[in-house]
Number of protein chains: 2
Amino acid sequence: MSSKSASALKRASTLKEALEQDIVTGQLAPGTRLEEMGLATRFGVSRTPVREALNQLASIGLVQIRPRRGAVVAAIGLKEMMEMFEVMAELEGMCGQLAARRMIGEDRAKLAVYHEQARSFAQTEDHNGYYDANVCFHECIYLGSRNTYLADQTRALRNRLAPYRRLQLLQRQRLSGSFAEHGQILKAICDGDEARAKKLLSEHVTVQSGSFTDFIATLPTELIQSRA
Amino acid sequence: MSSKSASALKRASTLKEALEQDIVTGQLAPGTRLEEMGLATRFGVSRTPVREALNQLASIGLVQIRPRRGAVVAAIGLKEMMEMFEVMAELEGMCGQLAARRMIGEDRAKLAVYHEQARSFAQTEDHNGYYDANVCFHECIYLGSRNTYLADQTRALRNRLAPYRRLQLLQRQRLSGSFAEHGQILKAICDGDEARAKKLLSEHVTVQSGSFTDFIATLPTELIQSRA
DNA sequence: TCAAACCAAATTGTATACAATTTTCTATTT
DNA sequence: AAATAGAAAATTGTATACAATTTGGTTTGA
């Protein structure tokens with residue numbers, strides 16, 4: 001599945017996807033230096049497509065490029081992370097609201113199927129399995145919003161937060177809790193209850209909603225070590 | 001102010017900003033072909049930084065790059081435009097909600113100042129002047145949200161829609177209507193009425209003193225084509 | 001011993017050269 | 001005359017070469 005020592009990767013877009021995968025899955029930890037020549041030889045290409053891939057990853061936000069000082073896997077500071085979660089909550093909520101409004105029977109059935117698949121992973125405490133099923137469940141809601149742009153944006157932000165969310169899921173043993181929330185979300189969407197679907201999905205994503213987020217967000221930038 | 005025939009632009013980032021400006025202001029209409037060699041000679045650089053700039057613009061969404069088939073100024077299809085406005089409404093609303101919650105007195109005072117500046121432009125029907133003042137007003141709200149990431153995302157989407165919004169503002173009576181709405185928004189924010197600020201800003205973006213369908217109707221047909 | 005300055009190595013940014021693919025024009029055939 | 005096939009031109013994607021800046025180490029001085 002991975003592309004650690006893959007050799008014959010010709011295209012720059014392929015290279016980008018390979019790197020993106022390594023970053024999202026955490027194989028390339030935040031802060032890791034990405035040296036152009038090293039990546040070039042490792043993938044068997046020249047620096048040109050490497051630079052292109054790095055630029056594209058930088059535009060997504062997965063890589064940080066400081067002029068004349070090289071590229072590193074983007075490390076998200078505390079303040080920025082809270083900000084991103086705050087936006088993520090709103091976008092996920094919006095997806096849920098629109099999905100509750102616009103999903104057809106077929107979509108709802110599919111969502112229910114994904115939910116059932118997740119159940120077994122939750123029961124067996126299979127974190128990796130649940131992670132994938134979780135992705136499918138949310139992806140289904142994205143598509144259900146019938147707004148491709150919104151789906152793309154939400155998915156991009158989710159991917160960017162993925163390395164940290166993965167930690168969160170492992171750390172907190174949130175599987176059963178997450179699954180229960182999914183059940184409520186599924187019901188709200190099937191009931192067509194827009195407001196409830198929005199609220200539930202918002203809270204589902206938010207780390208700790210309310211006062212703590214507000215507190216972090218109002219802190220001056222200098223007080224929180226962001227990115228070096 | 002423009003950089004139509006600028007000569008000594010050395011850096012790729014500068015080049016990107018120049019092109020972005022030309023696209024956002026409409027000097028480069030959607031659909032325009034962006035030939036690498038042409039831009040290179042026009043800006044007095046080689047193809048390498050041009051490609052880099054085009055990639056960056058593509059990542060923002062202002063340019064569309066089809067493999068082996070060149071780059072064009074992104075033309076947004078009708079469906080996608082509606083989707084983007086739907087998201088824009090949510091993001092602007094969120095900015096307003098957070099601004100109402102988190103702005104300090106100084107911020108509110110500044111917002112009021114920008115509003116007053118816009119008044120004169122609205123009265124004299126100075127469309128370009130009002131456009132700039134409008135940008136300042138909204139930018140002030142973005143910053144007032146105390147969420148840099150949200151501000152960046154909202155600003156990016158606004159810029160991407162800018163070529164189309166500019167046409168929208170040219171319509172008669174749009175100015176005074178927009179200004180009146182700004183007044184209500186200002187009051188809601190100063191009152192700390194989060195829900196109202198959110199709702200007003202959402203609607204301000206969506207309908208903006210008129211119906212969305214009116215806006216669509218005023219667009220030149222070339223701009224609405226769905227992408228090939 | 002520590003610090004500052006300078007030189008060397010490494011790395012990034014840009015230019016040019018080459019390869020591969022697309023586009024366009026021409027010529028031939030029906 | 002229209003259409004299709006083929007070749008030439010143009011354009012994009014990649015590799016390499018060069019320039020400029022940063023980084024790291026070494027040396028010299030107090």
### Query
B:Glu92 and B:Arg158: salt bridge (charged side-chain N to carboxylate O under 4.0 Å, His left out), yes or no, with the steps?
CA-CA 9 Å; B:Glu92 285 270 358; B:Arg158 164 175 280 269; 3.4 Å; yes

For [X] and [Y], which heavy atoms make the closest approach, and how far apart are they?
X	Y	value
A:Gly96	A:Ile189	O-CG1, 4.4 Å
A:Ser145	A:Cys95	CB-O, 3.9 Å
A:Glu90	A:Ser202	N-OG, 4.2 Å

### Query
Going by the angle between their ring planes, with limits at 30° and 60°, are A:His138 and A:His182 parallel, tilted or perpendicular?
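The rings of A:His138 and A:His182 stand perpendicular, inter-plane angle above 60°.
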
Between [atom2] on [N] and [atom1] on [X], what's the gap in Å once rounded to a whole number?
X	N	atom1	atom2	answer
B:Arg66	D:dT12	CZ	P	11 Å
A:Arg47	D:dT14	CZ	P	15 Å
B:Leu34	D:dT11	CG	P	13 Å
A:Met37	D:dA15	CE	C1'	11 Å
B:Glu35	D:dA9	CD	C1'	12 Å
A:Asn55	C:dT14	CG	P	10 Å
B:Gln56	C:dG13	CD	P	11 Å
B:Glu52	C:dG13	CD	C1'	8 Å

### Query
Which residues satisfy the side chain to side chain donor-acceptor pair (under 3.5 Å) test with B:Asp107, sequence neighbours excluded?
B:Arg146

### Query
OP1 or OP2 of D:dT14 sitting under 4.0 Å from any side-chain N/O of A:Thr48?
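Result: no.
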
### Query
B:Glu36 side chain: which of D:dG13, C:dT11, D:dA15 is closest?
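Between D:dG13, C:dT11, D:dA15, the one nearest the side chain of B:Glu36 would be D:dG13.
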
## Note on the structure
Among D:dT16, C:dT16, C:dT12, the one nearest any side-chain atom of B:Ser46 is C:dT16

Are any protein N/O atoms closer than 3.5 Å to N/O atoms in nucleotides 22-24 of chain D? If there are, list each pair with its distance.
unit_1, atom_1, unit_2, atom_2, d
D:dT23, OP1, A:Arg69, NE, 2.9
D:dT23, OP1, A:Arg69, NH2, 2.9

### Task
Hey, could you give me the CE/CG distance between A:Met84 and A:Leu91, rounded to the nearest 0.5 Å?
11.0 Å

### Message
Would you compute the distance between atom CG of B:Leu54 and atom CG of B:Leu62 and round it to the nearest 0.5 angstrom?
### Response
11.5 Å

### Task
For salt bridge (charged side-chain N to carboxylate O under 4.0 Å, His left out), just list the numbers for B:Lys79 and B:Glu86, CA-CA rounded to whole Å, side-chain angles, deciding distance to a tenth of an Å, and then say yes or no.
CA-CA 11 Å; B:Lys79 179 179 189 300; B:Glu86 198 166 56; over 6 Å; no

### Query
Quick one: bend of the helix from C:dT1-D:dA30 to C:dT30-D:dA1 from 5 pairs per end, to 10°?
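Answer for the end axes of this duplex: 0°.
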
